[in-house]
There are 2 protein chains.
Amino acid sequence: MEKISLYQILYQKLRESIIKGEYNEGDLLPSENELCSQYQVTRPTVRQALSQLVNEGYVRKQQGKGSIVQQLNKGLKLLSIEGTTAAFEGEKFYSKILVQPSIVDWPQDFFYAINTQAESTNCIMLERLRTIESRNVIYEKTYITNKQMPRFTQKNLEDKSLFETLKKYYQIQITGGEQKIRAINADKHVAKLLQVLIGKSLLMLQRKMYTNRKDFFVYSLVYCDTEHYYIQDLF
Amino acid sequence: MEKISLYQILYQKLRESIIKGEYNEGDLLPSENELCSQYQVTRPTVRQALSQLVNEGYVRKQQGKGSIVQQLNKGLKLLSIEGTTAAFEGEKFYSKILVQPSIVDWPQDFFYAINTQAESTNCIMLERLRTIESRNVIYEKTYITNKQMPRFTQKNLEDKSLFETLKKYYQIQITGGEQKIRAINADKHVAKLLQVLIGKSLLMLQRKMYTNRKDFFVYSLVYCDTEHYYIQDLF
DNA sequence: ATTTTTAACTTGTAAATACAAGTTATTTTA
DNA sequence: TAAAATAACTTGTATTTACAAGTTAAAAAT
């Protein structure tokens, strides 16, 4: 079992409390001193946990007053270290596998530069469609470095988090990442999948996720129809 | 003169070093112990400064190895606490005032809910166009709470940062914020300003910036042509 | 010359302590 | 009763100390 630090335990508990709705927007979390008592830790440890909640936009702090819970889940949280499955927390959504994971060559003119010697000469590719309330909202193509990934192509990812699967079966953890964000006009293919008119404006994210494995990345190309679900960013 | 803490001084110096190009991508910053010696501060103070650089994507850390400089300025940094002027750092850009700051009523159906009693019954509005290398890239409409803002409408903001002006003359500091991100098809008005075809896909950001003043916000509606300059996000 | 072991670095986690500065509640004064 | 002053809370900043865990360099062994 992977070792988890005290501040990470506290961070997760507080985050879950917020996500579950135990606080309303504007409410104060317990004070730093109260959290020290409740969890038998010291103030720097509490502050480390709170700092992460602040960085992720769950909370903001006001000197002399407290840690104020910010609004949640009014938009999709795609702009974070979490995968698209986590971005839908609190929403009724479905994830459909359009193309099962299969081994392919890296596409030509890939949206990130690939070091095929260090990474792999080919990759595992899969395509998914995310649906909220009968609306196809996100179309996502994922490319994974094909290194030490036995039997991955047999994994069933329907309605499951790719990141959690990588972690559970392969001990691969996402540690950070980068993305390029653009607006594009839907071509025939993407328009059909997202059930919008050709030329409709879509958000396109080109994501590169770093992992705890050396030279091992997860790349995603995400098309998002933002008509009914905008992307939310807190900072 | 406003008091600035030790970790903030260190953070700014390191950040400037990175932005100026004193490091290449992949380079290591001086170690935490080295920074302690150089700046005569203790390790928690150094770590606080580094933590902010990590949060903003300038640096990532690897246990046992060091603080690794990440790539910079390959995209516009609009997804952060900084204003759009800061997003252009390292680029040759111009900021043109299309509509001088003037006092107007809050628009109907404003993209954020306004509490006119707590905020103000009207606001200061201005419109700017940002240009990189002869390309109109960003069109921005800004709405500022009209409270204790004497002579703001006479300020010259051409090629200047709004946030820095607010800070210098009104002691107003941006402390955080939120934004909704959508892709929209350009209408006639915006298409003309950004010099693109009607229907072209644009990024639209609806931003609400929090400040150190109670019930005082800065709202922006940002249209961005991402054809040549994508938005970059590190996380 | 190569491999293994050890040393010396690095960041990560955590506690203890102290004071500054902001907000709110309570007490005192007019 | 209202205003001012004070107390008690809050977060912000900073130091000191210690050990865990990862990476790299140097030394020792083969």
Side-chain angles (χ1 to χ4, degrees), chain A residues 1-14 23 26-55 58-70 171 173 175-176 210-216, chain B residues 1-14 23 26-55 58-70 81 171-173 175-176 210-216:
Chain A
M1 177 69 81
E2 193 176 318
K3 191 167 188 291
I4 185 168
S5 58
L6 289 175
Y7 86 84
Q8 284 175 331
I9 292 170
L10 178 56
Y11 155 79
Q12 283 177 359
K13 283 180 188 284
L14 293 173
Y23 299 96
D27 285 358
L28 300 181
L29 290 182
S31 70
E32 291 175 9
N33 283 342
E34 282 172 326
L35 293 171
C36 288
S37 298
Q38 283 180 311
Y39 292 91
Q40 296 302 306
V41 292
T42 58
R43 209 173 145 227
T45 303
V46 166
R47 287 176 61 79
Q48 175 89 18
L50 290 175
S51 175
Q52 266 193 280
L53 291 169
V54 168
N55 291 337
Y58 291 104
V59 149
R60 64 187 174 82
K61 286 179 159 200
Q62 189 174 332
Q63 182 175 357
K65 185 182 180 97
S67 303
I68 306 160
V69 175
Q70 297 211 106
Q171 287 73 55
Q173 187 141 358
T175 58
Y210 312 134
T211 71
N212 54 345
R213 265 197 203 174
K214 186 175 162 63
D215 293 314
F216 190 107
Chain B
M1 176 72 81
E2 193 177 319
K3 191 167 188 291
I4 185 168
S5 56
L6 289 175
Y7 87 84
Q8 284 175 330
I9 292 171
L10 178 55
Y11 155 79
Q12 282 176 0
K13 282 178 187 284
L14 293 174
Y23 300 96
D27 284 357
L28 300 182
L29 290 180
S31 72
E32 291 175 7
N33 284 341
E34 282 171 328
L35 292 171
C36 288
S37 298
Q38 282 179 313
Y39 293 91
Q40 297 302 307
V41 291
T42 58
R43 210 175 142 225
T45 303
V46 166
R47 287 176 64 77
Q48 173 93 16
L50 290 175
S51 176
Q52 265 194 282
L53 291 170
V54 168
N55 291 338
Y58 290 104
V59 150
R60 63 186 175 82
K61 286 177 158 205
Q62 190 175 330
Q63 182 175 356
K65 187 182 176 94
S67 303
I68 307 159
V69 175
Q70 298 211 106
I81 198 172
Q171 288 72 55
I172 293 167
Q173 187 142 0
T175 57
Y210 312 134
T211 70
N212 54 344
R213 264 199 204 174
K214 186 175 163 62
D215 293 314
F216 190 107

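Convention: sequence-line order gives letters A, B, ...; per-chain numbering from 1. A quick note: this is a predicted structure, and the numbers were derived from the prediction, not measured.
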- [ ] Describe the nucleic acid contact of A:Ser5 in one word from base, sugar-phosphate, nothing, applying a heavy-atom distance below 4.0 Å.
- [x] sugar-phosphate

Task: Those residues that, when tested against A:Ser51, pass side-chain contact (heavy atoms from CB on, under 4.5 Å) (two or more places apart) - done: A:Asn55

Task: N or O in side chain of B:Ser31 less than 4.0 angstrom from C:dT10 OP1/OP2 - done: yes

Task: Closest-nucleotide 5' rank along DNA chain D - winner of A:Pro44 and A:Gly66 - done: A:Gly66

Task: Bend angle of the helix from C:dA1-D:dT30 to C:dA30-D:dT1, end axes from five pairs each (to 10°) - done: 10°

- [ ] Using a cut-off of strictly less than 4.0 Å, decide whether A:Thr45 has a side-chain nitrogen or oxygen near OP1 or OP2 of C:dA15.
- [x] yes

Open item on the list: Counting only side-chain nitrogens and oxygens, does B:Arg43 get under 4.0 Å of the OP1 or OP2 atom of D:dT16?
Closed with: no

Open item on the list: Just to be sure I understand the rule, does A:Leu50 reach a base, reach only the sugar-phosphate, or reach nothing, if contact means heavy atoms closer than 4.0 Å?
Closed with: nothing

Task: Side-chain N,O (A:Gln63) to OP1/OP2 (C:dT23) below 4.0 Å - done: no

Open item on the list: What I'd like to find out is whether the side chain of B:Tyr23 reaches to under 4.5 Å of the side chain of B:Leu29, using heavy atoms alone.
Closed with: yes

Task: Residue-phosphate contact under 4.0 Å: A:Asn33 side-chain N/O, D:dT10 OP1/OP2 - done: yes

TODO: Could you state the atom-to-atom distance from CD of A:Glu34 to P of D:dC9 in whole Å?
DONE: 10 Å

